[in-house]
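Here is the structure we will look at.
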Amino acid sequence: MDTARAPNRLSEPGQMGGHRKPVLEPYRNWVLDQVRRCPELTVKGLWTLLVERGVEVSHDTVWRFLRAGSNALLAFWLLRPTPMVTA
């Protein structure tokens, strides 16, 4: 019998070994507080604050956390007013 047609077979296998929890999950409330307190904070600025707290993460990890964390947080982050940059 073709395994793709077996009734108890999933079409896509799950993540072997389970799914990893986000590294920044224990800091969720702190991150949200920082974003609300300082709307002009950038991803790099947030990363710097995390490094100062002793959390070793990459810029990409911070961005992914913000993106995956909450649609409301991402909308706030992306739609916040940004200062005009003049060259």
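- Glu25 is linked by a salt bridge (Lys or Arg N to Asp or Glu O under 4.0 Å) to Arg28, counting only residues two or more places apart in sequence or in another chain.
- Pairing each heavy atom of Leu24 with each of Val55, the nearest pair is CD2-CG1, 3.8 Å.
- With sequence neighbours left out, Asp60 forms a side chain to side chain donor-acceptor pair (under 3.5 Å) with Arg64.
- A distance of 5.0 Å separates CG in Leu46 from CG in Leu50, rounded to the nearest 0.5 Å.
- Residues His59 and Trp63 form no side-chain contact, since every pair of their non-hydrogen atoms from C-beta on lies 4.5 Å or further apart.
- Legend: residues meeting side chain to side chain donor-acceptor pair (under 3.5 Å) with Arg53, ordered by chain and number and at least two apart, are absent.
- Under the rule for a side chain to side chain donor-acceptor pair (under 3.5 Å), Thr48 has no partner lying at least two apart in sequence or in another chain.
- In this structure, the side chains of Val31 and Leu66 come closer than 4.5 Å at one or more pairs of heavy atoms.
- Annotation for Gly45 and Leu41: closest pair C-CD1, 3.8 Å, computed over non-hydrogen atoms.
- Residues passing the side chain to side chain donor-acceptor pair (under 3.5 Å) test with Glu56, sequence neighbours excluded: none.
- Atoms OH and CG, on Tyr27 and Leu49 in that order, are 13.5 Å from each other to the nearest 0.5 Å.
- For Val51, the side-chain contact (heavy atoms from CB on, under 4.5 Å) partners two or more places apart in sequence, or in a different chain, are Trp47.
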